[in-house]
Amino acid sequence: HVLVQSAAFVKPAVQSGAPEHRISYFPNWAEDFYQPIDPPASGINLPKGFKIMFAGNMGAAQSLETIVNAAARLCENKDVYWIMIGDGRRRRWMEDEVKRLSLVDRVIFTGRKHAEDMPKYFSNADVLLATLNDEEIFSYTIPAKVQSYMACAKPLIVALNGEGGRIVSESGCGISVPAADDKALADAVHEMYEFGEEKRKKMGKAALEYSKEHFNKERLIHQLEALMQEVSQEGICES
């Protein structure tokens, strides 16, 4: 039996020789410590204002130039901040670009944080951000951070093609725009800013509900155990 991380991988798996009836969609789950925190956690030193938060690896795949260029488009709105949590081989490049474009007071780098502390940071964000490059392979995948974000009951903005964007649109938890489109990302941030807190809370609630239904760890483990038992029994019968 073949497990695929997103529904988009079913077709490539069939093309690679797997019988379709032996393929199951089995997504990543969010770890148990990803939980909503309301009111926002104290002791998190972030600027006041509208905060877009990105968490995770800052590598070549994350299309960091899209974030920088979107931030530049919105630089006139002094209430908007971009919070970058994490590290990676392109972090230095991004910091240099932020300086070059005079965005140092708009784009804040916090460095790495322990995964268990991330819900505290997420609780202080207005919206959580996920981005990937405009490449076909990335349209098949669901970035694991999407599950973590949703479990914390926060609205999302994603610049993702394919499955990641589909989940955000399907769940009603935020705004999905094409990958690597900095204008669309800037427009989405402006739109989310204009929505107001009440509408953003409804999106966060939708994120949590979708997470519980589709990405619950305990439920997925039970599903996996049942599938393994079924496959095992089929093997015994065939032998």
Please tell me if the side chains of [X] and [Y] come closer than 4.5 Å, counting only heavy atoms from C-beta onward.
X    : Y    : result
P27  : L220 : yes
W82  : L129 : yes
K212 : L208 : yes
S211 : N216 : no
V10  : Y25  : no
C152 : Q35  : no
V189 : I157 : yes
N28  : I142 : no

I need the [X] [atom1] to [Y] [atom2] distance, nearest 0.5 Å.
X    : Y    : atom1 : atom2 : answer
L3   : L227 : CG    : CG    : 6.0 Å
H114 : K120 : NE2   : NZ    : 10.5 Å
L185 : D181 : CG    : CG    : 8.0 Å
Q223 : M228 : CD    : CE    : 13.0 Å
Q147 : W29  : CD    : CH2   : 11.0 Å

Are [X] and [Y] grouped together when hydrophobic residues (ILVMFWY) are joined by side-chain heavy atoms under 4.5 angstrom apart?
X    : Y    : answer
I83  : L101 : no
M192 : M53  : no
M118 : I52  : no
M84  : L46  : no
L74  : F109 : yes

Evaluate the criterion side-chain contact (heavy atoms from CB on, under 4.5 Å) for residue pair L132 and S63; output intermediate values, then yes/no. CA-CA 5 Å; L132 284 174; S63 192; 5.9 Å; no
Counting only N and O atoms by type, is there a donor-acceptor contact under 3.5 Å from the side chain of [X] to the main-chain atoms of [Y]?
X    : Y    : result
S171 : I167 : yes
K154 : A125 : yes
N124 : A41  : yes
N133 : E135 : no
R200 : V127 : no
R106 : A71  : no
S139 : E136 : yes

Shortest non-hydrogen contact from A30 toward A151: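 Answer, listing the atom of A30 first, then A151: CB-CB, 3.8 Å.
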Flag if over 12 foreign heavy atoms under 6.0 Å of [atom1], [X]:
X    : atom1 : value
R112 : CZ    : no
K113 : NZ    : yes
E194 : CD    : yes

Under-4.0 Å salt bridge between R166 and E163: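 Between E163 and R166 there is a salt bridge, with a charged N closer than 4.0 Å to a carboxylate O.
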Is a salt bridge present between E197 and K201, judged by a nitrogen-to-oxygen distance below 4.0 Å?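 Yes.
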Between M58 and W93, is the side-chain contact (heavy atoms from CB on, under 4.5 Å) condition met? List the steps. CA-CA 10 Å; M58 299 182 194; W93 172 88; over 6 Å; no
Listing request: all ring-ring contact (aromatic ring centres under 6.0 Å, His included) pairs with a residue in residues 178-230, at least two apart in sequence or in separate chains.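 ring-ring contact (aromatic ring centres under 6.0 Å, His included) check on residues 178-230 returns F50-Y193, Y210-H214, Y210-F215.
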Pair R100, E97 - check side-chain contact (heavy atoms from CB on, under 4.5 Å), show working. CA-CA 5 Å; R100 184 180 71 82; E97 281 294 286; 2.9 Å; yes
Can you name the salt bridge (Lys or Arg N to Asp or Glu O under 4.0 Å) partners of K205, sequence neighbours left out?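 For K205 there are no salt bridge (Lys or Arg N to Asp or Glu O under 4.0 Å) partners, ignoring immediate neighbours.
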Residues in salt bridge (Lys or Arg N to Asp or Glu O under 4.0 Å) contact with E191, at least two apart in sequence or another chain: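 Listed in chain order: nothing, the list is empty.
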Selection residues 47-60 - residue pairs positive for side-chain hydrogen bond (donor to acceptor under 3.5 Å, both in side chains), sequence neighbours left out: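 Pairs touching residues 47-60 that pass the test: N57-Q62.
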Qualifying side-chain hydrogen bond (donor to acceptor under 3.5 Å, both in side chains) pairs, either residue in residues 83-92, two or more places apart: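 Listed once each, the pairs are E65-R90, R91-E95.
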Who are the side-chain hydrogen bond (donor to acceptor under 3.5 Å, both in side chains) partners of N161, not counting sequence neighbours?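 Once residues adjacent in sequence are excluded, the partners of N161 under the side-chain hydrogen bond (donor to acceptor under 3.5 Å, both in side chains) criterion are D134.
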Is the terminal nitrogen or CZ of K145 (NZ for Lys, CZ for Arg) located under 6.0 angstrom from the six-membered ring centre of F54 and within 45° of that ring's axis?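 That pair qualifies as a cation-pi contact.
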Parallel, tilted or perpendicular: which one describes the rings of Y149 and F122, with boundaries at 30° and 60°?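 It falls in the perpendicular class, over 60°.
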Determine whether V68 and M94 satisfy the following criterion, side-chain contact (heavy atoms from CB on, under 4.5 Å), listing intermediate values before the conclusion. CA-CA 7 Å; V68 173; M94 189 176 185; 3.6 Å; yes
